[in-house]
Number of protein chains: 2
Amino acid sequence: MFSAQCPSRSILDRITSRWGVLVLAALRGRVLRFSELRRTVEGVSEKMLAQTLQTLEREGFVRRTAYPVVPPRVEYALTPLGEEAAGLVVGFVQWAEQKAPEVLRARADYDARHR
Amino acid sequence: MFSAQCPSRSILDRITSRWGVLVLAALRGRVLRFSELRRTVEGVSEKMLAQTLQTLEREGFVRRTAYPVVPPRVEYALTPLGEEAAGLVVGFVQWAEQKAPEVLRARADYDARHR
DNA sequence: CGGAATCCCTGGGGATACTG
DNA sequence: CAGTATCCCCAGGGATTCCG
């Protein structure tokens, strides 16, 4: 079907990465500045936010717009492709949230049987 | 929406992990033994396969059946929940494969502009 | 404000060898 | 055959500092 190192695998990795998911979700349908993203995506370090945004921009999911003013003003938004990806990710998350009780039960079960 | 450390996040992590994706895809609609999985999922080490299967079983995605014979015979199959997860994952992969050209173009573009 | 650069450290994951 | 146990390594990610 597809192996561990092929284009689509790397695309998945970006999208489903720890911060990639959160950034995509945060940018759905709106435009945010760097510091706004930093506040919205709780727990992200500056380094990882910058890195994540760069990667997402490179993959064509995020559009970065820098205004030549001082102090600097940079805005981030999703491209159409990015909106699509974000939609998929959010769908996935909602599925996971819906199934969370079932998974937690399975875990408790497993732990009880394998103690 | 959801933060970096919450139940649904950990569920996502399992499913979208490097080998989690491949194992789920491999088990879709069929039953495989350990060594069959090892051959199907190219490049996986024994350790990672065992670890991945354990985790997926604990989350309730995989059902493990051991037959008390010698030599040992162990079969792995997806639970209904696992089939659902596998379906989502495969959908995701197909989307990624379909969009791969677009992403590759975006990358080339980005690299050209940022030298 | 929006990053880039640096240092540091942890744990995910590979290779190998051994066991029931 | 189906794993467990052990060792080892390095890339991913945090904290901090500096720059335009």
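Please read all numbers here as calculations on a predicted model, not as lab measurements. Quick note on labels: first sequence line is chain A, next is B, and so on, each numbered from 1.
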Pairs: protein N or O with nucleotides 3-7 of chain C N or O, under 3.5 Å:
| from | atom 1 | to | atom 2 | distance (Å) |
| --- | --- | --- | --- | --- |
| C/dG3 | OP1 | A/Arg64 | NH1 | 2.1 |
| C/dG3 | OP1 | A/Tyr76 | OH | 3.4 |
| C/dG3 | OP2 | A/Tyr76 | OH | 2.4 |
| C/dG3 | N7 | A/Glu46 | OE1 | 3.2 |
| C/dA4 | OP1 | A/Gln54 | NE2 | 3.4 |
| C/dA4 | OP2 | A/Gln54 | NE2 | 2.7 |

(request) Could you tell me the separation between the CZ atom of A/Arg113 and the CG atom of A/Asp111, rounded to the nearest 0.5 Å? (result) 9.5 Å
(request) Provide, to the nearest angstrom, the distance between the CG atom belonging to B/Leu37 and the P atom belonging to D/dA2. (result) 10 Å
(request) Using atom CG of A/Leu32 as one end and atom P of C/dC1 as the other, report the distance to the nearest whole Å. (result) 15 Å
(request) Could you pull out the closest heavy-atom pair between B/Ile11 and A/Ala96, with the gap in Å? (result) CD1-O, 3.7 Å
(request) Determine whether B/Trp95 and A/Glu84 make a side-chain contact, defined as any pair of heavy atoms from C-beta on separated by less than 4.5 Å. (result) yes
(request) Could you check how far OH of A/Tyr67 sits from P of C/dG2, rounded to whole Å? (result) 12 Å
(request) Could you tell me the separation between the CG atom of B/Leu22 and the C1' atom of C/dG13, rounded to a whole number of Å? (result) 14 Å
(message) I'd like to check B/Tyr76 versus B/Val62 (side-chain heavy atoms, cut-off strictly below 4.5 Å). Are they in contact?
(response) yes
(request) Please check the phosphate of C/dC1 (OP1 and OP2 only) for any side-chain N or O of A/Ser35 closer than 4.0 Å. (result) no
(message) From CE of B/Met48 over to P of D/dG3, roughly how many Å is that when rounded to an integer?
(response) 15 Å
(request) Specify the separation, in whole Å, of atom CD of A/Glu75 and atom P of C/dG2. (result) 10 Å
(request) Any chance you could measure B/Gln54, atom CD, to B/Arg64, atom CZ, to the nearest 0.5 Å? (result) 8.0 Å
(request) Between B/Arg73 and A/Gly43, name the one whose nearest nucleotide on DNA chain D is closer to the 5' end. (result) B/Arg73
(message) Tell me whether the side-chain N/O atoms of A/Arg33 come closer than 4.0 Å to OP1 or OP2 in C/dG2.
(response) yes
(message) Let's go through B/Leu81 and A/Lys99 carefully: what are the C-alpha distance in whole Å and the side-chain angles of both, what is the deciding distance for side-chain contact (heavy atoms from CB on, under 4.5 Å) to 0.1 Å, and is it a yes or a no?
(response) CA-CA 8 Å; B/Leu81 185 64; A/Lys99 298 299 183 182; 3.7 Å; yes
(request) Please round to 10 degrees the angle between the axis of the first five pairs and the axis of the last five pairs in the helix from C/dC1-D/dG20 to C/dG20-D/dC1. (result) 40°
(message) In this structure, how many angstroms lie between the C1' atom of D/dG3 and the NE2 atom of A/His114, rounded?
(response) 13 Å
(request) To the nearest Å, give me how far apart CZ (B/Arg38) and P (C/dT16) are. (result) 11 Å
(request) Considering only NZ, NE, NH1 and NH2 on the basic side and carboxylate oxygens on the acidic side, decide whether A/Asp109 and A/Arg105 come within less than 4.0 Å. (result) no
Run the side-chain donor-acceptor check on residues 40-52 of chain B: report pairs under 3.5 Å with partners two or more places apart or on a different chain.
| from | atom 1 | to | atom 2 | distance (Å) |
| --- | --- | --- | --- | --- |
| B/Thr40 | OG1 | B/Glu36 | O | 2.7 |
| B/Ser45 | OG | B/Met48 | N | 3.2 |
| B/Thr52 | OG1 | B/Met48 | O | 2.6 |

(message) Go through it in stages, so that I can follow the logic: the residues are A/Tyr110 and B/Glu57, the test is side-chain contact (heavy atoms from CB on, under 4.5 Å), and I'd like the CA-CA distance, side-chain angles, deciding distance and then a yes or no.
(response) CA-CA 8 Å; A/Tyr110 181 93; B/Glu57 186 195 359; 3.5 Å; yes
